[in-house]
Amino acid sequence: MRRTFLAAIAAAVIPVAASAQMKVNVSIDSDITDGQIIPKEIYGQFAEHLGACIYGGLWVGPESDIPNIDGYRTDVLEALKTLKVPVMRWPGGCFADEYHWRDGIGPREDRPRMVNSNWGGTVEDNSFGTHEFLNLCEMLGCEPYISGNVGSGTVEELAKWVEYMTAPDGPMAKLRAQNGRKEPWKVKYLGVGNESWGCGGNMVPEYYSHLYRRYQTYCRNFGDNRLYKVASGASDYDYNWTEVLMKNIGSQMDGVSLHYYTVKGWDGSKGSATEFTDEEYYNTLGKAVEIESVIKRHIAIMDSYDPDNNIDLLLDEWGTWFDVEPGTNPGHLFQQNTMRDAMVAALSFNIFHKYTSRLKMANIAQIANVLQSMVLTDGAKMVLTPTYHVFRMYNVHQDATYLPLTCSSRNFTDSNGRECPVVDATASRNAEGVVNVTLTNTDLENGAEITISIAAVGKPEITAEILTSGNISDYNGFDNPENVKPAAFNDFKAKDGKITVKMPAKSIISLSIR
Ligand code: AHR
């Protein structure tokens, strides 16, 4: 019975995708002077001790044959510099609540080993620790976001970690100097636990919020360092978690987190990252854009307790989650990354931009070799994923003024009844007055003609790029690393304050208008 019902709905999806080329009007309010700034932290990253994210992905060690700078892979460093990574969360994830920072300082050869029991039982040698992470952030010019251990660590341990990283003097500063770093680092973001409802301690929200109050009390501001404290927030639809935290923690937190994965379901197969039907493609997008209603509901709860908007929402884990690649360790979460993932990233950013009066950070899971990664590595080889290219194309929106727009596109309905725009758009204006517009056409078959109406642009100078590929399941393999990559785009015309763009099927286009 259920199968017949789903098949009937699925049949309804296909004609939407297969209908004629659509004309879409996008009208941008480009005159706006007091618009919301899109915080650059919306383009944040997440690096966990999981699979080959740290070891092999970011870090190979100074003795490695793989080209490196002080142990960090040169190719990955260069790729990340281009992305303009604003903030990086570390060391987890679930790993954070089993991580004991003292194991990761001092001479590397003396560091104790541990079993990474969350992620495949791999032996962790702690060769990448506090110094390695914070120095990496300095090299990339990004803010570190430390995720503290509440699940299995003590208040004292977390308090001393903060002191070790940020105090200008005192016993922890002395120890830090003995380990090679005299000056304190600047550490702003401090997560007090991770997924405390699950791998971070299986707590109920009342218990966690009381624990949070105690842990945060002893995380001090040393010297001129100012901590921004983040409470471990809800998983997707757990609105009660947010409600209890807002009620019980209130002004003792600067932000509360939220995790949302684009996943088919937590039981059984999550589907292949590279082999999927058209129906599965549209369902993935449907699930991805469902995040908008989830964000709205969490914000509504926050609004009711914090009408003055003092507490931020941080989506510190998001992205696609598929089955691991065949033959790889199921605990290492290594998945390929196709044009479908690129589409998920673009649609997600379009949504995030709308809610930045409350949503101040988002960290994709994860930066390398895990889930929806920026880069994948195999020994000395590295590929940039289609998702990487979206992050690069969209980084023009970092710290720019959000420009509200209307888009006349119809929606498609996926086979779970979720709606998603066929064509979507977002826009911002940077400090130099350049308007950046990014367009997505999710339709697998049909192009679209987009007419952008934009005030205050007379004879614009426009440069544009496109990301598309022959098949939506195309990806960058280690033997064809440039299969999916952006290209210059010029199928547009500008006349009388309107720009007409001929958008191919399944494409993402960015336009810079000056
Ligand atoms: O990103 C992978 C895992 O997903 C993280 O460790 C955890 O916080 C979440 O469940």
Side-chain angles (χ1 to χ4, degrees), residues 44-55 57-58 87-99 114-122 124 128 133 145-153 189-203 205 208 212 230-238 241-242 255-267 270 273 287-288 291 294 314-325 328-337 341 344-345 348 361-376 385 387:
Q45 297 289 336
F46 170 33
E48 181 166 11
H49 289 239
L50 195 180
C53 182
I54 303 289
Y55 302 109
L58 298 175
V87 56
M88 200 189 313
R89 180 170 179 253
W90 174 87
C94 295
F95 180 78
D97 279 294
E98 281 192 297
Y99 182 62
M114 66 177 282
V115 174
N116 189 337
S117 44
N118 279 291
W119 303 119
T122 308
E124 160 71 51
F128 189 95
F133 173 65
Y145 176 0
I146 296 286
S147 194
N149 180 347
V150 169
S152 72
Y189 298 104
L190 178 71
V192 181
N194 167 73
E195 296 196 348
S196 302
W197 40 263
C199 63
N202 281 309
M203 303 177 202
Y208 169 73
Y212 172 92
V230 184
S232 166
S235 171
D236 9 52
Y237 314 96
D238 187 356
W241 187 277
T242 300
V256 59
S257 69
L258 170 67
H259 290 179
Y260 183 92
Y261 283 98
T262 295
V263 60
K264 193 162 118 190
W266 294 108
D267 298 327
K270 296 174 175 55
K287 172 72 182 177
I291 197 174
V294 172
L314 288 78
L315 179 68
D316 61 17
E317 288 186 29
W318 69 278
T320 58
W321 194 318
F322 299 116
D323 291 340
V324 298
E325 291 306 312
T328 64
N329 186 327
H332 287 183
L333 310 186
F334 178 79
Q335 66 190 40
Q336 250 299 352
N337 193 295
D341 295 84
V344 167
S348 300
M361 190 191 291
N363 308 73
I364 193 162
Q366 297 192 6
I367 195 163
N369 293 325
V370 170
L371 301 176
Q372 191 176 353
S373 303
M374 302 300 108
V375 298
L376 300 175
T385 64
T387 299

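Basis for what follows: all heavy atoms, side chains included, without hydrogens, waters or symmetry-related copies. We count ligands from 1, going down the list as the structure has it; atoms in each ligand are counted the same way.
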Original post:
Under 4.0 Å from any heavy atom of Q366, which atoms of ligand 1 are there?
Top reply: 1 (O), 2 (C)

Original post:
Can you name the one residue among T320, N369, T328, T385 that meets side-chain hydrogen bond (donor to acceptor under 3.5 Å, both in side chains) with Q335?
Top reply: T320

**OP:** For the residue pair F95 and Y99, categorise the inter-ring angle as parallel (less than 30°), tilted (30 to 60°) or perpendicular (more than 60°).
**Re:** tilted

Original post:
Is W318 touching ligand 1 with its side chain, its backbone, both, or neither, if touching means heavy atoms under 4.0 Å apart?
Top reply: neither

**OP:** Quick one: list whatever passes salt bridge (charged side-chain N to carboxylate O under 4.0 Å, His left out) with D341, sequence neighbours left out.
**Re:** none

Original post:
How close do L50 and G331 get, heavy atom to heavy atom, and via which atoms?
Top reply: CD2-O, 3.5 Å

**OP:** Note the single closest protein heavy atom to atom 4 (O) of ligand 1, along with its residue, its atom name and the distance in Å.
**Re:** E317 OE1, 3.2 Å

Subject >> Numbered atoms of ligand 1 (with element) below 4.0 Å of N194, judged on heavy atoms >> reply: 8 (O)

**OP:** Tell me which protein heavy atom sits closest to atom 10 (O) of ligand 1, plus the residue, atom name and distance to 0.1 Å.
**Re:** E195 OE1, 2.7 Å

**OP:** Fit a plane to each ring of Y189 and Y145, take the angle between them on a 0 to 90° scale, and name the class: parallel (under 30°), tilted (30 to 60°) or perpendicular (over 60°).
**Re:** tilted

Subject >> Ligand-residue contact atoms, ligand 1 with L371, heavy atoms, under 4.0 Å >> reply: 1 (O), 2 (C)

**OP:** Among all protein heavy atoms, pick the one closest to atom 1 (O) of ligand 1 and tell me residue, atom and distance.
**Re:** Y261 OH, 2.8 Å

Original post:
Does N118 approach ligand 1 within less than 4.0 angstrom via side chain, backbone, both or neither, non-hydrogen atoms only?
Top reply: neither

Subject >> Atom of V87, atom of N363 and distance for their closest heavy-atom approach >> reply: CG1-ND2, 4.1 Å

**OP:** Please could you name the atoms of ligand 1 that F46 approaches to less than 4.0 Å, counting only its heavy atoms?
**Re:** 1 (O)

**OP:** Between W266 and ligand 1, find which residue part has any heavy-atom pair under 4.0 Å and reply side chain, backbone, both or neither.
**Re:** neither

**OP:** Do me a favour and list the nearest non-hydrogen protein atom to atom 6 (O) of ligand 1 with residue, atom name and distance?
**Re:** E48 OE1, 2.7 Å

**OP:** Please check if any side-chain donor atom of S152 sits under 3.5 Å from a side-chain acceptor atom of E98, or the reverse.
**Re:** no

**OP:** Using distance alone, decide if ligand 1 has a nitrogen or oxygen within less than 3.5 Å of any nitrogen or oxygen in C94.
**Re:** yes

Original post:
Between E317 and R89, is there a salt bridge with N-O shorter than 4.0 Å?
Top reply: yes

